[in-house]
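To start, the structure under review is shown below, and the notes come after it.
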Amino acid sequence: MSGSLGPAVPPVVPPVGTTGPSGSATALVVVDLQNDFCAGPVAAARFPGDPARLTGTAARCAQAVATARAHGIEVLFVRFLGDLTHQGAAWRRRDAELGKSPKCLEGTWGADYHAVRPLPGEAEFTKRACFDAFLDPEFEPHLRRRGIEHLVLVGLFTDVCVDSTARTAFQRGFHLTVLRDCTTALHLADTDILRFMARVYGARITTLADLEPADPADPALAPTAWAAPTARTAEAPTTAGGDR
């Protein structure tokens, strides 16, 4: 277990359908904030950029979680397990060809949460050698039971598991917000994958600062990132090629 996650606190479970200011029920989805992706030799060896970027991203994700809890927004944790027993034939073949070792093995330090972990009562979902949170059969039913219509996504990596989850969420009718300073890409340029998500999924791309009231002296003013995107707020930057 990571030793920097702070003291235990009492369980906090928001009421069913806790809403952002627009009235759409919102959840913060924390994707793969685990040691093998964020810290230590495994993370440093596979991340092509400065490992300090992972540290900063994880710290901002923890801030986003604290802010969500303070606003009574439900926080959902999604984790990855890469054990050989979970891998399909294509996954094993790819790893063999690329010389890749499994990551986030169940019960190891690498699979444990980094920077922040679920409180008692907060839901956890597991991706077993897959990218998309919706492949945990309990993920979408939980969203439907809780009346959640809008997902705010943070975590790793923008172009892999965050994008895979966002793609299915859009196709299943969920509104999307992505906090660009609470995620980073592994293979592609951050700007390219975020532009793609805005263009194709209608995702609003914003920052951690947008989770707080515009005027701290008047907390009743809506923190816009908790509200589902609208036609006016969703980013749609121009790109080459057409839309589907």
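- The closest side-chain heavy-atom distance from Leu143 to Leu76 is below 4.5 Å.
- Using a 4.0 Å cut-off between charged side-chain N and carboxylate O, Asp192 and Arg195 make a salt bridge.
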*side chain to side chain contact (heavy atoms under 4.5 Å, CB included) evaluation trace for Thr158 with Asp163*: CA-CA 6 Å; Thr158 322; Asp163 175 71; over 6 Å; no
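- At a threshold of 4.5 Å between side-chain heavy atoms, the hydrophobic network of Ile, Leu, Val, Met, Phe, Trp and Tyr places Val178 and Phe134 in one connected group.
- The hydrophobic clustering, which links ILVMFWY residues whose side-chain heavy atoms are closer than 4.5 Å, places Phe174 and Leu135 apart.
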*Can you list the steps and then say if His175 with Leu151 is a side chain to side chain contact (heavy atoms under 4.5 Å, CB included)?*
CA-CA 6 Å; His175 301 290; Leu151 306 180; over 6 Å; no
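- Ile205 CD1 to Arg199 CZ: the interatomic distance, rounded to the nearest 0.5 Å, is 13.5 Å.
- When only modelled atom types and interatomic distance are considered, Asp132 and Thr168 share a side-chain donor-acceptor pair under 3.5 Å.
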*Please report the C-alpha distance between Thr126 and Arg128 in whole Å, then the side-chain angles of each, then the deciding distance to 0.1 Å, and finally whether the side chain to side chain contact (heavy atoms under 4.5 Å, CB included) criterion is met.*
CA-CA 6 Å; Thr126 301; Arg128 292 177 168 82; 3.7 Å; yes
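- Remark: His86 NE2 to Glu106 CD distance equals 5.0 Å, nearest 0.5 Å.
- Follow the hydrophobic side-chain contacts under 4.5 Å out from Val29 and you reach Met197 in the same cluster.
- Judged by distance alone, with hydrogens and angles left aside, the side-chain atoms of Asp181 form a donor-acceptor pair with the main-chain N or O of Leu208 at under 3.5 Å.
- Between the side chain of Arg69 and the main chain of Val75, no donor-acceptor pair closer than 3.5 Å is present.
- In this structure a side-chain-to-backbone donor-acceptor pair under 3.5 Å is missing from Glu212 to Ala209.
- Considering every non-hydrogen atom in both Ala225 and His150, the closest pair reads O-CE1, 3.2 Å.
- Summarising the geometry of Ala133 relative to Thr165, their closest heavy-atom pair is N-OG1, 3.0 Å, with the distance given to 0.1 Å.
- In terms of hydrophobic clustering, with Ile, Leu, Val, Met, Phe, Trp and Tyr side chains grouped at heavy-atom distances under 4.5 Å, Leu176 and Val31 are assigned to a common cluster.
- Between Phe139 and Val78, the closest side-chain pair of non-hydrogen atoms falls below 4.5 Å.
- Rounding to the nearest 0.5 Å places CD of Glu97 at 4.5 Å from CZ of Arg93.
- In this structure, the ring of His142 has its center less than 6.0 angstrom from the ring center of Phe125.
- The one candidate from Thr57, Val152, Thr207, Leu153 that meets the side-chain contact (heavy atoms from CB on, under 4.5 Å) condition with Leu179 is Val152.
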*Quick one: do Asn35 and His114 satisfy side-chain hydrogen bond (donor to acceptor under 3.5 Å, both in side chains)? Show the steps, please.*
CA-CA 5 Å; Asn35 287 321; His114 182 81; 3.0 Å; yes
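- In this structure, the separation between CG on Leu211 and CH2 on Trp226 is 4.5 Å, given to the nearest 0.5 Å.
- Contact between Ala185 and Ile193 at its shortest, heavy atoms only, is CB-CG2, 4.4 Å.
- Side-chain contact between Val116 and Cys61: absent, with no pair of heavy atoms (C-beta onward) separated by less than 4.5 Å.
- In this model, no donor atom of one side chain and acceptor atom of the other lie less than 3.5 Å apart for Tyr113 and Arg79.
- Looking at Thr55 and Cys38, their side chains never come closer than 4.5 Å, going by heavy atoms from C-beta outward.
- Side-chain N or O atoms of Arg204 include one that pairs as donor or acceptor with a backbone N or O of Ala227 at under 3.5 Å.
- Checked for salt-bridge contact, Asp36 and Arg46 miss the test: no charged N lies under 4.0 Å from a carboxylate O.
- Salt bridge Asp190/Arg53: present, at least one basic N to carboxylate O contact under 4.0 Å.
- Tracing side-chain contacts under 4.5 Å through hydrophobic residues (I, L, V, M, F, W, Y), one reaches Val160 starting from Leu156; they form part of the same cluster.
- Counting non-hydrogen atoms of neighbouring residues, nucleotides and ligands closer than 6.0 angstrom, the CZ atom of Arg172 reaches no more than 12 such neighbours.
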_Chi angles and distances behind the side chain to side chain contact (heavy atoms under 4.5 Å, CB included) call for Phe37, Phe47_ = CA-CA 8 Å; Phe37 297 138; Phe47 186 63; over 6 Å; no
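- Two residues are said to be in side-chain contact when any heavy atoms from C-beta on lie closer than 4.5 Å; Asp112 and Gln34 fail this criterion.
- Each of Asp95, Val42, Asp83, Leu81 was evaluated against Lys103; a single residue qualifies, Val42, per the side-chain contact (heavy atoms from CB on, under 4.5 Å) test.
- Atoms OG1 and CG, on Thr183 and Asp32 in that order, are 10.0 Å from each other to the nearest 0.5 Å.
- A centroid separation of less than 6.0 Å is found between the aromatic rings of Tyr201 and Phe196.
- Here the side chains of Thr184 and Leu54 are in contact, with some heavy-atom distance below 4.5 Å.
- By the 4.5 Å heavy-atom criterion applied to side chains, Gln63 and Cys182 are not counted as neighbours.
- Here the straight-line distance linking atom CG of Leu194 with atom CG of Leu188 works out to 10.5 Å at 0.5 Å rounding.
- Shortest non-hydrogen contact noted between Cys104 and Gly110 is SG-O, 3.7 Å.
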